Amino acid sequence: MTGKASRPTAGRLVPLLADLVCVLVFAMAGKSTHESSTSDWVVLAIVWPFALSVVLAHAGVLLRRRPTARTWPEGVLVLAVTYVLGMVLRLVSGRGIAGGFLVVALVFLALTMLGWRAVLRLTSRQRAARTS
């Protein structure tokens, strides 16, 4: 297959990569806070359920031909799938999900995953206002 339709565009890759960075930072912060004496490889055990969930969430939104960079409703959907599926995968993998972890994860992921989208929207509006 050739042509533009077969290649991912920046409009699809940038939001995916931004969300993956959010979950990677989340995992690294968790490791440094709670498992600092363990190998750095533990980050992979922490991040994989959420990274897989991000990829699946983006795939689902893109299959419906919706932009994943918008905050509402797509960004909230990506966040919800990432959080819920990530927690389920974490639980079945034996990592556990304490009550405090549920709250911290939701707050951190919501602030970062929706935050970059909100900043993008605000800066886009400001640029549009300046050029018109």
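For this chain, numbers begin at 1 and follow the sequence in order. Everything numeric here is computed off the predicted structure, so don't read it as measured data.
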Flag the pair [X] / [Y] as yes when at least one side-chain heavy-atom distance between them is below 4.5 Å, and no otherwise.
X	Y	value
V42	R95	yes
W116	V21	no
H58	L13	no

Item to check | Transitive ILVMFWY cluster of L111, excluding itself - 4.5 Å side-chain cut-off | outcome: V103, V107
Taking all non-hydrogen atoms of both residues into account, name the closest pair between [X] and [Y] and its distance.
X	Y	value
A10	P15	O-CD, 3.8 Å
R90	G96	NE-O, 2.7 Å
P49	I46	CD-O, 3.4 Å
G11	T68	O-OG1, 4.5 Å
W48	S93	CZ2-CB, 3.7 Å
W72	V76	CE3-CG2, 3.5 Å

Checklist entry - Rounded to the nearest 0.5 Å, how far apart are CG of L89 and OG1 of T82? => result 10.5 Å
Checklist entry - So how far is it from T71 OG1 to E74 CD, rounded to the nearest 0.5 Å? => result 9.5 Å
Answer yes if [X] and [Y] sit in the same cluster of Ile, Leu, Val, Met, Phe, Trp and Tyr residues linked by side chain heavy atoms under 4.5 Å apart, and no otherwise.
X	Y	answer
V104	L109	no
L16	V81	yes
M87	L77	yes
V55	L79	yes
F108	L20	yes

Are the side chain of [X] and the backbone of [Y] linked by a donor-acceptor contact shorter than 3.5 Å?
X	Y	result
T131	A128	yes
R117	M113	yes
T123	L120	yes
K31	L44	no

Next on the checklist: For F26 and F101, take the angle between the two ring planes, folded into 0 to 90°, and tell me which bin it lands in: parallel under 30, tilted 30 to 60, perpendicular over 60.
Outcome noted: tilted
Checklist outcome for this item: Exactly one candidate in L102, V78, V88 meets side chain to side chain contact (heavy atoms under 4.5 Å, CB included) with Y83; the answer is L102
